[in-house]
Protein chains: 2
Amino acid sequence: MIESTSPSPRWSETWLNRLLEVAPLSDAAQDAVRRAPQLFRQFSAREHVVRDGVRDPGMRVMLSGLACRYKHLPDGRRQITAFIIPGDVCDFGFISDSPVSQDIISLAPSTIGIVDLDRLATIVELYPEIMTAILRCAAIEQSATQELLVSLGGRNALHRVGHLLCEMHHRLDRAGLVRAGGVFELPLTQSEMGEALGLSTVHVNRTIQMLRRLGLAIWRDRIVTLPDPESLARLCAFDPSYLKAQRD
Amino acid sequence: MIESTSPSPRWSETWLNRLLEVAPLSDAAQDAVRRAPQLFRQFSAREHVVRDGVRDPGMRVMLSGLACRYKHLPDGRRQITAFIIPGDVCDFGFISDSPVSQDIISLAPSTIGIVDLDRLATIVELYPEIMTAILRCAAIEQSATQELLVSLGGRNALHRVGHLLCEMHHRLDRAGLVRAGGVFELPLTQSEMGEALGLSTVHVNRTIQMLRRLGLAIWRDRIVTLPDPESLARLCAFDPSYLKAQRD
DNA sequence: CGCGGAAATTCACATATGTTATATGTTTGC
DNA sequence: GCAAACATATAACATATGTGAATTTCCGCG
């Protein structure tokens with residue numbers, strides 16, 4: 001892990017854009033958001049970003065890369081509870097000062113911005129709209145967790161995998177990380193996807209090949225291609241509204 | 001549904017006790033909490049408490065009875081995402097002003113207290129400790145959702161059912177709703193339990209009888225008896241720490 | 001450039017859980 | 001107080017998914 005205090009200009013926009021998606025911010029507030037993170041940590045793939053129990057305070061914002069949150073099962077397996085993409089807040093425990101009892105691990109080389117909590121308090125007092133935006137992000141995350149619950153409880157393997165691909169496509173697209181033709185990077189192992197979806201590695205593999213044979217998804221070398229996202233969404237009953245801040 | 005403005009004195013204590021579990025409150029704040037709900041709705045079993053999309057503003061607090069939150073599956077099935085017991089806030093959408101896209105339905109005759117949002121804002125401004133407590137409750141709920149996710153993703157039927165029984169036992173106990181000998185009311189249908197755990201009704205039934213044969217749980221006529229909660233907890237790797245506000 | 005280890009793939013087989021059906025209580029509404 | 005609707009229980013059978021192992025492909029690294 002490498003630490004630095006000099007941001008790349010792209011990073012500050014990543015988080016700002018996310019907040020602007022869920023709430024309008026005045027120019028002054030936008031500037032405050034840009035300058036909020038003062039510490040940056042770079043992780044290589046499969047490094048712990050947060051280790052259970054160990055909490056150094058601060059709000060952590062994903063700025064580049066990919067990570068996931070997970071819980072341990074008694075027999076050593078893991079259940080991944082969320083994938084964290086650029087723009088996401090890593091965990092919202094700071095809101096209620098309750099540390100999350102979960103590990104966060106990077107899946108690809110990643111950058112995380114850290115906002116000191118006192119600094120955040122000051123900013124938020126000055127621009128309460130920022131707090132509103134953050135709370136909306138928290139609500140969306142809760143909503144995504146519940147949708148994953150629906151997948152595990154009510155969808156078969158094909159729909160689970162397809163639905164997750166739709167979700168990643170949708171989220172990465174909004175973050176500007178999908179290239180033309182529905183092509184995006186998903187630096188995930190099939191085994192890791194299984195850990196999120198409650199499926200064995202072997203069955204994830206079978207399912208992916210089924211999707212490939214259906215012409216709905218191609219996944220090779222960490223690159224996913226969705227030639228026809230609408231069809232896939234229809235097949236899996238993917239409705240992205242759960243990822244939006246649903247105001248009036 | 002019957003509406004009234006005259007509370008039973010027990011009701012106000014239910015919610016107050018919950019908040020006191022997660023954060024200390026001054027006497028004045030406690031009094032404010034007691035007087036916060038001004039409208040009370042009584043539902044009979046299987047009535048909609050909140051219907052998707054329909055949102056009349058206000059924070060809803062469960063004061064007696066049992067309810068659940070659920071999402072619809074495309075084929076008409078439902079995925080229950082949470083059980084709501086006395087003391088629980090029905091949904092935390094009001095925090096970020098994003099209405100939850102879920103239905104809430106009563107499973108037994110229930111009372112719900114409604115706190116007007118303007119009134120809540122006033123109270124919370126006067127006693128910020130109350131907002132802290134509410135946010136901690138929200139964090140606990142998120143944590144419970146994730147634990148259910150772990151169940152669906154990583155536990156077999158026996159452990160899923162056992163774990164849920166442990167959780168309900170634990171939560172109801174803290175609400176003072178467990179009688180001596182580990183006896184408590186669980187006015188749930190086996191089919192409804194299946195809708196929460198991603199199991200068919202038939203298999204829930206099989207599993208319950210297995211638990212009965214093991215002498216770990218008896219469930220008859222909406223009454224659950226856990227003769228040896230510790231053994232059951234051990235079997236299912238139930239660790240209640242995820243239900244606590246984990247401050248230092 | 002080639003080596004070593006990790007992913008991906010494939011196969012045969014095991015099994016937990018789903019499905020359909022029927023019988024038997026048990027509420028509930030009229 | 002009856003009848004309809006619902007909840008539980010049980011059985012036989014179907015199947016989606018898991019397991020263990022072997023093979024191949026890929027990728028980072030020296």
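Proteins come first, then strands; the chains are lettered A, B, ... in the order of their sequence lines, and each starts at number 1. Here the structure is a predicted model, which means the values were calculated and not measured.
For residues 202-226 of chain B, no residue pair satisfies the salt bridge (charged side-chain N to carboxylate O under 4.0 Å, His left out) rule, not counting sequence neighbours. Screening residues 139-159 of chain B for salt bridge (charged side-chain N to carboxylate O under 4.0 Å, His left out) gives A/K71-B/E147, B/R69-B/E141, B/E147-B/R155 as the qualifying pairs, with residues at least two apart or on separate chains. A ring pair (Phe, Tyr, Trp, His ring centres under 6.0 Å) check over residues 189-221 of chain A, counting only residues at least two apart or in different chains, returns nothing. Note on residues 76-89 of chain B: pairs passing salt bridge (charged side-chain N to carboxylate O under 4.0 Å, His left out), not counting sequence neighbours, are B/R18-B/D88, B/D75-B/R77, B/R78-B/E195, B/D88-B/R171.
Protein chain B contacts DNA chain D from D/dA7 to D/dA12, reading 5' to 3' and using non-hydrogen atoms of the protein with a distance under 4.0 Å.
Looking at A/E47 and A/S44, their side chains do bring a donor and an acceptor atom within 3.5 Å of each other.
At least one side-chain heavy atom of B/L211 sits less than 4.5 Å from a side-chain heavy atom of B/L165.
Looking at B/T207, its side chain never comes within 3.5 Å of a backbone N or O of B/A157 through a donor-acceptor pair.
When the C1' atoms of four end pairs are superposed on the next four at each end of the helix from C/dC1-D/dG30 to C/dC30-D/dG1, using five pairs per end, the two resulting axes differ in direction by 60°, to 10°.
Under the rule for a ring-ring contact (aromatic ring centres under 6.0 Å, His included), the partners of B/F40 that lie at least two apart in sequence or sit in another chain are B/W11. Residues forming a salt bridge (Lys or Arg N to Asp or Glu O under 4.0 Å) with B/E3 (at least two apart in sequence, or on another chain): B/R41. Not counting sequence neighbours, A/H170 has no partner by the side-chain hydrogen bond (donor to acceptor under 3.5 Å, both in side chains) test.
Residue A/R46 is classed as having no contact, given no heavy-atom separation below 4.0 Å to the nucleic acid.
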Residues 178-188 of chain A, side-chain donor-acceptor partners within the protein, below 3.5 Å, at least two apart:
none

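For A/R46, the CZ atom sits in a packed shell: over 12 heavy atoms of surrounding residues, nucleotides or ligands are nearer than 6.0 Å.
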Return a single string for nucleotides 17-30 of chain C, one symbol per nucleotide in 5' to 3' order, where B is base contact, S is sugar-phosphate-only contact and - is none, cutoff 4.0 angstrom on heavy atoms.
BBBB------S---
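The stretch residues 66-85 of chain B has no heavy atom under 4.0 Å from DNA chain D, so no residue of it qualifies as close.
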